Every structure is written in C-alpha cells, then in structure tokens.
Amino acid sequence: MTSSTLPLNQPGGPRQQRKHTPKANLSNLYQRAFQESFRKLDPRVMIKNPVMFVVWVGTLITALLTLNPNLFGVVEGENSALFNGLITLILLFTLLFANFAEAVAEGRGKAQADALRSTKSDTVARRLQSDGSTEEVSSTSLRRGDRIKVIAGDMIPADGEVIDGVASVDESAITGESAPVLKEPGSDVASSVTGGTRIISDELILQVTSDPGKGFIDRMIALVEGAERTKTPNEIALTVLLAVLTLVFLIVVATLPPSASYVNSPVGITLLIALLVALIPTTIGGLLSAIGIAGMDRVAQFNVVATSGRAVEACGDINTLVLDKTGTITLGNRLAEEFIPVNGYSETDVATAALAASVFDTTPEGKSIVRLAEKLGATVSFDKSKAEGVEFSARTRMSGTDLPDGGEIRKGAVDAIRGFVRSRGGHAPAELDQAFERVSRLGGTPLAVCQNSDIYGVIYLKDIIKPGIKERFDQLRRMGVRTVMLTGDNRITASVIAAEAGVDDFIAEATPEDKIQVIQTEQAQGKLVAMTGDGTNDAPALAQANVGVAMNSGTQAAKEAANMVDLDSDPTKLIDLVTIGKQLLITRGALTTFSLANDIAKYFAIIPAMFAAAGIEALNVMGLSSPRTAVLSALIYNALIIPALIPLALKGIEFRPLTANQLLQRNILIYGLGGIIAPFIAIKVIDVGVSAVTNF
Amino acid sequence: MNLADSSCPKLLSSMLQGFFQVTLILAILAAVAPLLGRYMARVFLGEETWLDRVISPVERVVFAGSGVLNGRPMTGGQYVRALLVSNLVMLVLVFAIFMLQGALPFNPTGLTAPSWDLALHTAISFTTNTNQQHYSGETTFTYFSQVGALGFLMFTSAATGIAVAIAFIRGLTGRPLGNFYTDLILSITRILLPISVVGAIALLVAGVPETFAGPAQATTLEGATQFIARGPVAHFEIIKQLGENGGGFFGINSAHPFENPNNFTNLLETVIMLVIPAGLILTYGILAGNPKQGWLIFWMVFIIFAIFIAIAAVGEVQGNPLVNQVLGSPQPNLEGKEVRFGPVLTAVWAIATTGTMCGAINGLHDSLMPSGGFLTLANLFLQIVWGGQGTGTAYLFVFLILTVFLTGLMVGRTPEFLGRKIEKREIVLASAILLVHPIAILIPAAITLAFPETLSGISNPGFHGISQVVYEYASAAANNGSGFEGLGDATLWWNLSASFSLLAGRYVPIVALIFLADGMARKQPVPETAGTLRTDTTLFTGVTAGAILILGALTFLPVLVLGPVAEAFNLG
Amino acid sequence: MKPTLPKILLLGLLANAAIAPALYATTGNDITRGTAYALGLLGIVVVGLAIYLALVIAQPERF
C-alpha cells in the first residue's frame with residue numbers, strides 16, 4: 001500500500017510522500033495464505049470463530065454422509081452420495097475461504113512487520129565496560145540499561161536516552177525531516193534517540209532503554225503480526241451478536257425435522273445442514289478477524305505504532321481533538337519575516353540586536369532570524385567564544401546571549417521581555433504594543449528584542465498554516481469531531497490562526513498543564529479526547545487522553561504514556577487515525593448487515609427446495625431449476641461471497657466525511673438493500689450454471 | 001380470484017363497511033393514545049394529575065403508613081428480586097385458591113378443584129399476564145376463583161408489565177429505575193382502575209351482565225330447559241381488555257354475547273386493548289425528552305398494524321377458495337365468526353389481540369384464513385405490533401438497540417442509543433431476549449410434533465396442525481393467551497410444557513430488560529455531535545422496521561412456511 | 001476438572017449409550033439400531049454446539 005490509498009479525500013492531493021515508508025514484500029503472500037488456510041482447519045483454531053466452527057462441524061457430518069448416505073436413516077429422494085459430496089466440498093471451501101481471508105490479512109501484517117524489521121538493520125554497537133573501555137557487540141545483544149557509545153557516522157543501534165555528550169542526529173529515516181536534531185542529556189525532547197537513526201556529528205553516550213525485541217518498532221511488529229491481537233470491545237459485542245444469531249438458527253433448523261415429518265415432507269440431514277450454513281452469518285463470521293487485522297495493518301502502514309487495537313477503534317469515537325498549533329496546524333518552523341523597530345531605533349539596529357540574541361539559537365526560528373538579519377547587513381560585533389548563550393525555557397519564555405562585556409541581549413514573548421526590561425529598570429514604550437498588535441493581527445508571533453533595559457523592537461515571526469488543513473478540519477467537523485488548538489501564542493495571534501485554520505476552539509498562552517485541563521473538561525462531558533504530544537510534561541495529558549499519540553521525536557516518558565507512537569512525528573496523522581478507526585467499524589457493520597440481508601434470498605432458494613413435497617413451489621420466486629441445484633447454488637453463493645469480499649474487508653469500506661445520517665443512508669442502500677437484492681441475482685446465475693453442468 | 005369482476009355486490013359493500021370500521025378504530029386509537037401517553041408520563045414523572053384529588057385521599061387511607069407510595073428507588077437487583085418475589089407470592093396464593101375453591105364462597109354451581117396441573121398452568125398463565133386457558137371459565141372455576149383470584153391477577157400482572165416498562169424507560173434515559181411497589185400501585189390506582197371503572201359502566205350500559213347470581217334457566221323453543229351461564233362479567237371484561245389479559249369469563253371469550261354483545265362493545269373493547277401499549281410508546285418519548293422519537297416509533301408500529309389488518313381482512317373477505325368453488329360465488333370466510341361482527345371486525349380483533357398480547361378473541365383464530373393465521377402467528381413472534389402491556393414497548397426498544405448496534409457501526413462509531421454506548425453487556429442482554437422465543441416456542445413445539453399421537457391432541461392434521469401447535473406455544477411464550485383452539489390442550493403435557501413457555505417468555509425478558517436498563521442508567525452519557533447517529537429520523541425508523549421484520553421473519557420463516565404458508569398454497 | 005476435547009467426546013459417547021437405545025425403543029422398527037446410535041450422536045452434537053454457542057455469548061473474550 002502506498003499513501004495514495006489515503007481514505008480521506010485530501011484536496012491538496014496525497015500526503016507528502018514519506019521517503020522511507022517500508023515497502024512490504026507481498027510475493028508469496030497468497031501462496032503462504034493458501035497453505036495457512038488448510039492449517040487453520042485445526043479444530044483448536046476453528047473453535048475461536050463460533051460461526052465458522054458450526055460450519056466446520058456441519059462439514060464433518062456431511063462428509064460422513066458422503067461416505068454413508070443412509071447414516072441417519074433413509075429419506076426418500078435424497079441421500080445421493082454425489083450430492084452429499086458436493087455439499088461437503090462447498091462447505092469445505094467456505095471454511096477455506098474464511099481461513100484464507102484471515103491468512104491473507106495476517107500475511108500482509110507479517111510482510112509489513114518484516115519490512116519494518118529490515119529498517120532496523122543489525123549493526124555493531126560499542127558497549128561501554130565498567131572500566132570505561134568499549135567492546136564491539138552486535139546490536140541485538142544489547143540489553144536495557146547497557147551503556148553504549150556512538151560516534152559520528154554510526155547508526156544508533158537501539159532506543160536510548162542520552163546521558164553524555166552533545167551531537168546532532170539525522171532522524172530523517174524515521175521522521176522524514178532532513179534537518180539534523182541536536183541531542184544532549186537532560187532536556188525533554190532532545191535526550192531521547194531512536195534505533196535506526198544516524199548520528200552525524202560528535203559523539204554520544206547512551207543508555208539503552210529497551211531490550212531487543214521490545215523497542216517501538218518491535219511493538220508494532222508484534223501487533224501487526226497478530227501475536228498480541230486481542231479483540232476490541234466492538235468486536236466482542238459483534239461476536240456476541242453473531243453467536244446469538246447462529247444459536248437462533250441452530251435452534252430453528254434443529255427443531256425443523258419433527259414438523260417436516262409431521263406433514264410427510266421429511267428432510268435429510270444434508271439439507272438441514274445446508275440450510276443452517278446458509279442462514280448463519282458466515283460472510284461476516286469468515287471475514288471478521290480479517291477486518292480487524294487489516295485495520296491494524298493500515299495503522300502500521302501509516303507508520304504509527306499502536307499499543308492495542310482498542311486504541312485504534314477508540315479513534316473512530318473521538319469527539320475532540322486537542323492539537324498543538326506548531327507542526328500540526330502551521331508548518332513547524334516559523335520564519336522571521338520583518339524587524340519592527342521601536343524607541344527610535346532603526347531596522348538595522350533591531351537586526352543587529354536580534355542577530356546577537358540568536359547566535360546561539362539553533363532552533364529553526366533562531367536560524368531564520370540570523371538569516372534575515374544577515375540579509376539586512378547586520379554583523380556580530382562581539383567575540384562569540386567569550387559570549388554565552390541563554391537557553392529558552394518555558395518559565396522565562398525568552399532566550400538570548402550574555403555578551404562578553406556583561407550586556408544581556410534577550411528576545412522572547414513580548415510581555416516576558418517587558419518584565420525583563422522592567423526588572424532592569426527600563427520601561428516599555430507604547431509603540432511596542434502597537435507593533436505587538438500589528439504582528440498578532442497578521443497571525444504572526446511577535447518577539448521582542450532588548451538589550452539590558454532597552455527595548456529595540458519586535459521580530460515578526462511568520463506562521464504558515466499548512467495547506468489543506470482547513471479542509472481537513474471541515475471534514476472533521478462534519479464527522480462530529482471538534483478541534484481545539486493549543487498554542488503558546490498570545491490571544492490575538494491564536495485567534496487569527498484559529499480562524500484561518502478553521503479550528504473550533506483554541507487556548508492561547510497555554511501551558512502544558514492547560515492541556516490536561518482541557519482534556520479533563522471535555523471528558524467530564526462524556527467526550528472522548530485525542531491529543532498529540534512530545535515533551536515529558538505532555539506525558540500526563542497523553543495518559544489522560546483516550547487516544548494519546550506521542551511523536552517519535554518525543555521523550556521516552558511521553559512515548560510510554562501514549563497509546564500510539566507516530567514514527568513520522570506528524571501530528572496531523574490523528575486525522576487519518578480517526579478515519580481508520582471509523583472505517584474499521586463501518587466495515588464490520590456493513591458486512592454484518594449484508595450478511596443478514598443475504599439470508600432472505602437464501603431462504604427463498606432453500607426453503608422451497610427443502611419442502612418441495614409440501615406443495616409450495618410458488619415460493620421458488622427465482623425459478624431455480626431443481627431443488628438440488630437450488631441448494632447447491634445458494635451454498636456456492638454463500639461460499640463465493642467470502643473471497644469476493646476479501647478485498648473490501650482488507651481495504652476497509654471507504655469512509656466519507658459525511659454526517660452520520662448521510663452515511664447511514666448511503667451504507668444501508670449499498671449493504672442493506674444491495675444485500676437483499678444481490679444474492680437473488682447471483683444465486684439465479686449460479687443456478688443456471690449448475691443446472692447446465694449437472695443433471696440434478 | 002379477482003374482486004373487481006365480482007358478481008357479488010354484497011362483497012363489495014361488506015368491504016366498504018369493513019374499511020369504514022377499521023378506519024374508525026384506527027382514528028380513535030390515534031386520538032386517544034397520545035392523551036393517555038401524556039397522562040401516564042405525568043403519573044410516572046410524579047407530576048400532578050386531575051385524578052389526584054379523587055384518588056390521593058383513598059390511597060392515603062388504604063396504604064397508610066406502609067410507605068409504599070414513596071418507595072425508594074431500587075437497584076436492578078433489588079427491582080428484579082421485588083418483582084419475582086411478589087409474583088411468586090401471588091402465584092402461590094392463586095394456586096391455593098384454585099385447589100381449595102370447592103370449600104370457598106361464591107360457588108353457586110358447586111364446582112370442585114380442578115386438576116393440579118390445570119390449576120398450576122392457569123395460575124402461571126394469569127400471573128404472567130397471559131391468561132392462556134386450557135379450560136372453559138364458566139364450567140371450571142367458581143365466581144370466587146374468577147373474580148377474586150383471576151380478577152386480582154388481571155390487575156397486578158398488567159400493572160407489573162407497566163411498572164417494568166416504566167423502569168426500563170427510566171433506565172434508558174439515565175434515571176434511577178424507581179420503586180417496583182410504588183409503580184405497581186400507581187399503575188393500578190392511576191391507570192388501570194380509573195379506566196376500568198369508566199369502561200365497565202359503559203359496557204354495563206351496553207348490555208354486558210354483572211351479577212353474582214347463578215346461571216339463568218331458560219326454556220327453549222323445543223321446550224328443553226337450558227342453563228345459561230352468567231356472572232359478574234362487565235368489570236371482568238374491561239380489565240381483561242385493558243390489561244392485555246385476555247382470559248375470558250366464558251370459554252369462548254369475547255365471542256360470547258354476554259362478554260361482547262354488539263358492535264359498540266366490540267369497538268370499545270378493541271380500542272381499549274390497544275390504548276395502553278400504544279400510549280406507552282408516546283410516554284417513552286415524553287420521558288426521554290424526545291417526543292418526536294416516540295411519535296416516529298408510534299407511526300412505525302401503526303403502519304405495520306394497519307398493513308397487517310388490511311391483509312388479514314382481505315383474506316377473510318375473499319373467503320376460502322375451496323368453499324367459494326363449491327358455492328360458485330366468492331363469499332367471505334364466516335367459519336368460526338360471530339355474524340354480528342363479520343369478517344373484517346374479526347380480522348381487526350385478531351390482529352389487535354395477537355399484536356397486543358391481549359389474547360382475548362371474538363372469533364376463532366383456528367378458522368382464520370391462512371393469511372390471518374400467518375399474521376396472528378407473526379404478531380406473536382414479533383411481539384411488538386403494539387406489544388404487551390409494558391413489555392411490548394420494552395421489546396420495541398430491544399429491537400431499537402439491536403438496530404442501533406448495526407447501524408451505529410455502519411456510521412463508524414461505537415453505537416449509542418439515547419446518548420449511551422451499546423456495548424457487550426447490552427448486546428448479551430438483548431440477545432437473551434432474542435433467544436427466548438426460539439427456545440420457548442420451537443423446542444417444545446418440535447417435541448410435541450415429534451410425538452403427535454401421544455402428545456399433541458391436534459384436531460386438524462397436516463399443515464394446520466403445525467400452526468395449532470406452534471400457535472399454542474407462541475401464545476404462551478409471548479404471554480398472549482389466545483388459542484388457535486381446536487387443540488385438546490387440557491392434558492398434563494400441554495399444561496406443563498406451556499407453563500415452561502409462559503414462565504420463560506415472561507420472566508427471562510423482564511429480568512434482562514431490568515438489568516439492561518440498570519446498566520444503561522449507570523453509563524456516562526455521550527454528548528451528541530454531527531457524528532452521532534440520530535435515532536429520531538424517518539430513515540432510522542424505517543431501518544428499524546426492516547430489521548424487526550427481517551429478524552422476526554428469518555427466525556420463524558421455516559415454521560411459518562410449513563404452517564400457514566403451505567396451507568395457503570394447498571388451498572389455492 | 002478442565003473439560004478437554006477428548007473428555008467431551010468420551011462424555012458424548014457415554015451419553016449416547018443411554019440415549020440411543022431409548023431412541024431405538026421409541027421409534028420401533030422404523031430405523032435400525034445403527035441409525036439410532038448415529039441419530040443419538042447427532043443430537044448430542046447439536047446440543048453440544050448449542051452449549052458452545054451459549055458459552056461464546058456469555059464469555060466472548062475467551063474466543
């Protein structure tokens with residue numbers, strides 16, 4: 001599968017091609033699935049699927065009846081070994097088709113898993129000994145808690161936490177982002193590394209955080225391979241319903257012989273089994289597990305690790321999406337667009353100050369400020385090696401440089417800088433507010449720049465809203481999902497961006513604590529909330545959310561708290577996950593409806609054939625040529641519909657962002673009404689074929 | 001056969017007359033049901049009603065100090081326990097009265113105790129609001145047994161059903177279930193008794209007798225002396241209809257001229273048996289705060305009901321093709337009918353009585369044409385074309401829940417009904433209800449038909465015999481009580497096997513419903529969004545109707561094919 | 001004692017030893033003794049399936 005099979009009709013065309021989407025090797029898939037479908041005939045496997053197990057028992061009995069047609073007594077006009085044999089064969093194929101569906105789904109999962117495994121190639125790791133020396137070991141022998149050393153050019157052999165050193169790491173293999181990321185110990189986002197990424201400068205000492213086979217990719221592998229597949233709540237409820245229908249029809253069929261004998265129209269056991277198999281919901285029974293497995297595969301194909309199928313299913317129920325602005329709604333990197341001087345300074349003065357404040361800033365924003373400043377002719381007028389960078393922190397909300405001469409240059413949120421200036425004995429001019437407002441109204445982020453107590457001006461960081469995001473939010477709204485944008489921006493900027501992107505609500509100047517509060521407020525109203533996060537302080541919110549998606553670039557704590565990890569660190573993926581979750585449910589519901597609706601036609605095929613002696617030929621509305629061909633045709637249809645629907649089960653029924661009522665109308669027409677009509681036609685066609693080749 | 005070229009204008013006029021009568025009944029129903037529905041909502045919401053002024057003082061005296069009028073809300077477990085225990089006590093009490101009736105007062109004809117199994121079956125049958133009768137009332141039970149024991153059960157069993165329906169609706173809408181005893185008393189004093197009093201007086205005026213005197217003696221034209229059974233009929237009759245009890249004072253039930261003497265009483269009795277089940281649907285809409293939902297379901301059932309009536313009536317009016325061949329002209333089927341009601345009104349009654357689980361009859365269902373037989377059986381299987389006292393409304397919701405589950409999945413969400421998620425527990429409980437009919441009808445019917453000589457007592461062999469046997473168990477399991485008749489059913493086997501169907505058909509669903517409601521009430525409601533499937537739309541209601549017919553038809557089609565369908569084809 | 005497949009099969013056969021002769025007796029000469037055993041076994045299989053399905057309904061997680 002490629003990203004072109006994206007279920008949502010994205011106006012901007014398919015999502016950006018991911019460079020590394022592992023290509024699953026699908027050769028041999030069908031051959032292996034074919035073998036597997038025989039292996040699954042083992043009763044210990046069959047008993048896991050109530051509907052198909054009943055078919056299995058039925059097949060066994062008809063097989064016995066083929067060997068000895070009079071096993072259960074003589075019924076006139078029946079009991080031909082050939083007929084019984086044909087029925088047995090068709091039932092066997094019904095079982096094989098169902099097993100095949102499951103095997104294909106599993107096989108795809110396995111292929112997907114293999115492809116994932118291959119991205120994690122076996123490398124040589126330098127393990128640190130207790131005496132400080134290193135030994136070269138295979139990456140597979142690394143254990144949680146081991147310390148390893150990686151140097152520039154190495155592939156990082158396992159998930160780990162940086163404990164020493166500073167280095168830049170190319171995470172493009174996982175994130176698709178080509179810019180290298182700075183890794184160093186102690187900080188939230190920057191201290192965790194993922195196996196399979198490459199260190200491109202300097203060296204790091206890492207502590208391995210997962211045993212081999214327990215890393216994120218391994219977790220995903222286990223899930224798509226079906227090893228850890230447990231039934232989801234809706235799947236369980238549906239299983240109950242299918243078991244009940246099967247039991248009802250078992251009773252209906254088992255109680256039929258006395259009535260039939262009473263009116264001197266006795267029926268043979270083969271016919272009864274044929275009726276039973278035709279009536280019980282074999283179509284959905286045979287495809288149910290394939291649908292579930294395929295759903296997990298689709299999630300995996302989106303490069304998302306889900307810790308459980310339950311989480312995927314919950315995605316379909318999401319009422320509220322809590323999204324960070326940056327990287328989700330806007331392109332991750334805000335770029336410096338303009339310097340607005342205040343206090344009588346010139347643009348060049350502001351540019352010079354901004355450059356000075358940003359020389360140690362490695363964030364994309366910082367770099368863009370440097371670029372713009374240099375373009376405007378600003379130069380660094382101090383000795384960089386004697387100056388000291390001041391990191392941005394969520395508390396101070398500013399960063400900057402301490403100059404060799406003791407001057408303090410800062411840039412940051414306007415009120416943070418205002419506070420800083422005031423603490424240094426200065427005051428903010430009125431122009432600052434005007435500049436602040438101007439930038440905010442443009443949807444940009446204003447950063448104030450100051451040196452000591454003197455404010456130089458405002459940097460206009462331009463935010464670019466991702467193309468097509470508004471349409472996606474519109475779709476979500478039609479699906480009944482509310483979006484809430486969280487941003488550290490001021491209210492004005494936030495409201496401008498919110499209006500432009502079309503989110504339903506926003507929280508400006510949000511702290512990480514606000515996230516968890518938003519989630520709790522929504523949940524108190526009974527809503528299911530999904531959110532994305534990456535920092536350690538997102539962990540409680542990720543755990544609180546019903547669906548928490550951690551970015552792979554995020555910290556270990558965030559990843560552990562979340563129930564999904566996005567290997568591409570692409571927050572908009574939540575929207576796709578919602579679609580996948582819904583597709584999963586729609587496919588199950590539609591195929592169940594289809595399966596039940598089919599019963600009407602099967603009744604009209606089999607019942608007149610069964611009680612031909614009772615004088616009810618008029619019920620043979622399809623004009624099937626003889627009772628036996630009628631039964632055979634109905635069963636052949638019953639068997640063939642399973643492989644016919646395998647592609648639909650694996651791909652999932654297309655989900656359109658419509659309201660629930662429109663969706664129902666559409667699906668009930670296709671799968672309800674279609675399910676009533678289609679088999680009438682199909683059975684008739686099969687009957688024509690069957691009566692042409694047999695002389696029944 | 002073609003009606004258009006019918007050479008018989010009488011047929012056409014009887015069709016027209018029938019059409020008028022049916023329309024009148026349906027119109028009255030559509031007018032009265034909302035009034036009663038609103039009234040019942042007020043009663044169970046604890047709001048004031050104009051009857052309070054009359055009844056409250058009486059209640060205060062009768063139930064002084066018992067606290068039963070303001071019982072504390074019960075949990076699901078407590079509710080079920082209260083219901084089962086109180087029903088068991090009533091059952092034992094009534095059984096004892098039957099066995100001792102020879103020694104008890106009001107026994108002018110000197111009747112003795114019936115056989116133990118008949119007494120047991122009758123006691124169970126009346127406790128479960130079924131009133132299936134394997135006897136003739138006037139020659140088996142004394143006035144005391146009929147009025148004291150059976151009359152008492154007619155009120156309590158009907159009230160039990162209403163209480164369950166109200167508890168179920170409360171649970172679904174997230175309220176506490178309420179107190180069983182309080183609702184039981186309220187159902188009797190605020191709904192059943194007042195309507196009964198007014199109705200009984202109306203019947204009395206229209207000519208239904210009400211006396212404790214023994215049978216009347218009359219001398220026939222031939223000079224022979226004939227004893228004409230009579231008794232306190234009028235009040236018995238009204239609660240029989242209103243409470244969907246259906247157990248007649250006389251063996252032939254409302255076909256008897258003392259139970260249902262004329263067209264007026266027939267109209268009154270037909271409407272009376274429909275009003276509570278029909279009204280309860282609207283009560284639900286009001287309690288749920290969504291009257292539109294109530295109305296949609298009401299009209300859905302109304303339309304199914306009207307279609308059933310039309311098919312059955314046409315079948316009866318067209319008559320039996322075999323007979324018509326002999327006569328040389330089409331004649332309505334009048335076998336087993338009271339001529340004063342005619343084919344159409346008998347058909348209406350048959351559809352109403354089987355649909356509402358009333359079970360009273362004004363003509364023999366055994367003699368209905370196959371289409372009528374098919375529909376009366378279908379009514380019993382479905383149990384929702386108005387449905388029984390209270391329980392019918394609840395079954396409707398079980399079907400709604402199952403439909404919500406399937407359609408909810410189809411719109412891509414965990415299914416929700418009234419803002420509450422439908423999960424495994426709900427499906428298991430709803431399924432238990434879905435399983436009751438196959439188990440309680442098909443299994444005993446199969447056993448009976450497997451031993452036709454020893455067990456069945458069928459009067460008409462062949463396809464019709466299957467209808468007779470299946471009808472008997474369907475009537476028991478659906479707590480309907482009407483008989484296809486023609487069965488020699490006063491045997492030990494019939495009494496005991498029907499008792500099983502009666503109990504299973506009554507208490508398994510009730511227990512499941514209460515637990516279902518209890519679980520729903522505890523769920524955190526989910527807010528409605530554009531992604532929520534609305535259940536108060538015509539589309540959803542239509543899908544529900546389809547699901548009901550398919551689920552019902554799929555289950556019982558083979559039996560129906562071997563019974564009435566085969567019979568129809570063999571007649572034609 | 002945990003019910004395993006062999007145990008269930010054995011139990012079914014034992015039950016049939018009681019059911020089949022009874023069946024044979026009631027049907028008289030209509031069927032042979034062998035047919036009676038086969039039908040008895042069939043009946044047990046049907047009842048077994050019904051119990052199995054009831055178990056699935058009660059505890060769907062196990063399947």
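Below, chain A is the first sequence line, B the second, and so on; all start at residue 1. From a predicted model like this one, the values you see are computed outputs, not experimental measurements.
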Could you show, one pair per line, the donor-acceptor contacts under 3.5 Å between chain C and chain A?
from: Y52(C); atom 1: OH; to: I47(A); atom 2: O; distance (Å): 2.7
from: F63(C); atom 1: O; to: K231(A); atom 2: NZ; distance (Å): 2.9

With a 4.5 angstrom heavy-atom cut-off, which part of [X] approaches chain C: side chain, backbone, both or neither?
{"X": "L71(A)", "result": "both"}
{"X": "I47(A)", "result": "both"}
{"X": "V244(A)", "result": "both"}

Under the criterion side-chain contact (heavy atoms from CB on, under 4.5 Å), I'd like the reasoning laid out for L60(A) against V45(C): C-alpha separation, chi angles, the key distance, then a yes or no. CA-CA 11 Å; L60(A) 215 62; V45(C) 167; over 6 Å; no

Looking at residues at least two apart in the chain, or sitting in another chain, which of them share a side-chain contact (heavy atoms from CB on, under 4.5 Å) with [X]?
{"X": "A58(C)", "value": "none"}
{"X": "A314(A)", "value": "V547(A)"}
{"X": "A254(A)", "value": "V46(C)"}

To the nearest 0.5 Å, what is the distance between CG on L247(A) and CD1 on I57(C)?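 Those atoms lie 5.0 Å apart.
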
Within-4.5 Å side-chain heavy-atom neighbours: F53(A) and L49(C):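 Yes, their side chains come closer than 4.5 Å.
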
Contact summary for A50(C) and L250(A), nearest pair of heavy atoms: N-CD2, 3.7 Å

Which heavy atom of A243(A) sits nearest to which heavy atom of V56(C), and what is that distance? CB-CG1, 3.7 Å

